[in-house]
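Source: prediction; values computed, not measured.
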Amino acid sequence: MKHLIIIFFFLIFSCKSQRITTTNELDKVGNLATELCEKFDGNLENQIKLQTDLIQKEVLRDSFNQDVVRNLNTLNYRLTRNLWKNCSKYKLKSYSLGSLHTRVLDIDNTLSIDEFEKLESKIEEIESLKNIQIIIVTIDDLFPYKNVTEYSIEQGNYWKIGKYPENGGVIIVLDKNDRKIRISTDNTLRQKLTDNECDLIVQNAMSYLKDNKYFNGLLEIVNEINKNI
């Protein structure tokens, strides 16, 4: 697994600029997934290496035109999801790369680059003041999970949300397809931010989702979490 760490940290310090979104992104991911599946054998480590090498090649190809870290996450999660759906030989049961250096994981390009950066900046500010970890995930296909609740709990556990022992952490998942938001806290933060309080925060932000104002809704949720801890 060490090659994953090397590649990830290499990309972290690569150049950062505007992302270019094309209309055939999903077709591109599908073609890449097919290419990988044809190369896969029964060895898990080989599959991880092939997938990581392909992600590296694709991201670096467009590194002067895109936000490298954001593009890395987007491609990685879309590619993994496609392989889960369509490649019977695929053995990886979790995403090959996590979100260790990402506060906002915009898997399906819900946010503009400006909105993305504003959320990142706001979370970083709260994190530094209150020692709380906040992760936002935007997604429009939860596969293989049944619903946003299952997804948020599974990913929160997988990423070990709550790296600060004082206040813990929270994961906010926006399911754009079903227009639902889930706030899941770790055991530490739950003592200060109860499930009922989380539900109320979500209810107050739902009007933004109805108007497709996803950034506004997420920003309000982050601000309300900040007020309640």
Side-chain angles (χ1 to χ4, degrees), residues 1-16 19 21-22 24-109 133 135 137-163 171 173 175 177 184 186:
M1 300 291 287
K2 64 181 181 180
H3 59 280
L4 296 177
I5 299 173
I6 293 172
I7 290 172
F8 191 76
F9 275 95
F10 173 75
L11 291 172
I12 287 292
F13 292 102
S14 298
C15 63
K16 179 179 180 181
R19 179 191 55 163
T21 304
T22 61
N24 64 345
E25 284 181 338
L26 293 179
D27 289 338
K28 176 182 178 180
V29 171
N31 292 335
L32 292 174
T34 299
E35 175 186 334
L36 278 176
C37 192
E38 291 174 352
K39 296 178 180 180
F40 283 162
D41 55 22
N43 186 288
L44 176 61
E45 286 297 317
N46 286 344
Q47 290 187 4
I48 295 173
K49 184 178 188 306
L50 284 168
Q51 180 173 343
T52 307
D53 288 348
L54 181 63
I55 292 171
Q56 179 193 30
K57 180 183 72 174
E58 292 297 321
V59 170
L60 292 181
R61 176 181 296 166
D62 295 328
S63 62
F64 290 98
N65 299 319
Q66 301 187 356
D67 179 333
V68 176
V69 176
R70 186 182 192 190
N71 191 38
L72 166 71
N73 280 309
T74 300
L75 179 57
N76 171 60
Y77 282 81
R78 286 182 177 180
L79 190 59
T80 299
R81 185 173 58 198
N82 190 293
L83 289 166
W84 280 341
K85 286 184 176 182
N86 302 310
C87 182
S88 60
K89 294 184 290 184
Y90 195 50
K91 293 182 173 295
L92 195 62
K93 302 301 182 184
S94 59
Y95 295 108
S96 60
L97 295 172
S99 62
L100 182 62
H101 296 273
T102 303
R103 296 179 177 91
V104 180
L105 183 56
D106 187 23
I107 297 176
D108 290 304
N109 293 345
Q133 183 179 17
I135 298 291
V137 180
T138 67
I139 189 168
D140 63 16
D141 184 349
L142 296 169
F143 184 89
Y145 301 98
K146 296 178 181 178
N147 52 58
V148 68
T149 298
E150 182 180 84
Y151 178 91
S152 63
I153 292 174
E154 288 291 326
Q155 294 310 308
N157 290 334
Y158 171 60
W159 291 321
K160 296 180 173 58
I161 301 300
K163 64 181 181 179
I171 178 172
V173 179
D175 175 8
N177 187 50
S184 295
D186 73 332

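Separating the OG1 atom in Thr74 from the CG atom in Leu105 is a distance of 7.0 Å, to the nearest 0.5 Å. Atom OH in Tyr90 sits 7.0 Å away from atom CG in Leu79 (nearest 0.5 Å). Rounded to the nearest 0.5 angstrom, Leu36 CG and Asn86 CG are separated by 12.5 Å. Here Asn76 contributes atom CG and Gln56 contributes atom CD; the two are 13.0 Å apart, rounded to the nearest 0.5 Å. The line from CD1 of Ile55 to CG of Leu32 is 9.5 Å long, rounded to the nearest 0.5 Å. Taken from NZ in Lys57 to CG in Leu75, the straight-line distance is 11.0 Å, to the nearest 0.5 Å.
Judged by distance alone, the side chain of Asn31 and the main-chain N or O of Asp27 form a donor-acceptor pair under 3.5 Å. Counting only distance, with no hydrogens or angles, the side chain of Trp84 and the backbone of Lys93 share no donor-acceptor pair below 3.5 Å.
Checked against salt bridge (Lys or Arg N to Asp or Glu O under 4.0 Å), Lys89 has no partners two or more places apart in sequence or in another chain. With sequence neighbours excluded, no residue satisfies salt bridge (Lys or Arg N to Asp or Glu O under 4.0 Å) with Glu154. Scanning for side-chain contact (heavy atoms from CB on, under 4.5 Å) contacts around Asn43 gives Asp41, Glu45, Asn46, with sequence neighbours left out. Considering only residues two or more places apart in sequence or on other chains, Lys85 meets the salt bridge (Lys or Arg N to Asp or Glu O under 4.0 Å) condition with Asp141. Applying the side-chain hydrogen bond (donor to acceptor under 3.5 Å, both in side chains) criterion to Gln47, with sequence neighbours excluded, gives no partner residue. Legend: residues meeting side-chain hydrogen bond (donor to acceptor under 3.5 Å, both in side chains) with Tyr151, ordered by chain and number and at least two apart, are absent.
In terms of heavy atoms, Ile153 sits closest to Ser184 at CG1-OG, 4.2 Å. Scanning all heavy atoms of the two residues, the minimum distance from Ala33 to Leu83 falls at O-CD2, 3.5 Å. Between Glu150 and Lys146 the shortest heavy-atom distance is OE1-N, 2.9 Å. In terms of heavy atoms, Val173 sits closest to Ser152 at CG2-CB, 3.6 Å. Considering every non-hydrogen atom in both Ile107 and Ile139, the closest pair reads CD1-CD1, 4.0 Å. In this structure, Tyr145 and Gln155 approach most closely via the heavy-atom pair OH-NE2, 2.8 Å.
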Stepwise, does the side-chain contact (heavy atoms from CB on, under 4.5 Å) test hold for Val137 with Tyr77? CA-CA 11 Å; Val137 180; Tyr77 282 81; over 6 Å; no
Working for side-chain contact (heavy atoms from CB on, under 4.5 Å), residues Ile161 and Asp186: CA-CA 7 Å; Ile161 301 300; Asp186 73 332; 5.5 Å; no
Does Leu50 form a side-chain contact (heavy atoms from CB on, under 4.5 Å) with Leu54? I'd like the steps, not just the answer. CA-CA 6 Å; Leu50 284 168; Leu54 181 63; over 6 Å; no
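When each of Val29, Asp108, Leu142 is checked for a side-chain contact (heavy atoms from CB on, under 4.5 Å) with Arg81, only Asp108 meets the rule.
Using modelled atom types, one finds a donor on one side chain and an acceptor on the other under 3.5 Å when comparing Gln51 with Thr80.
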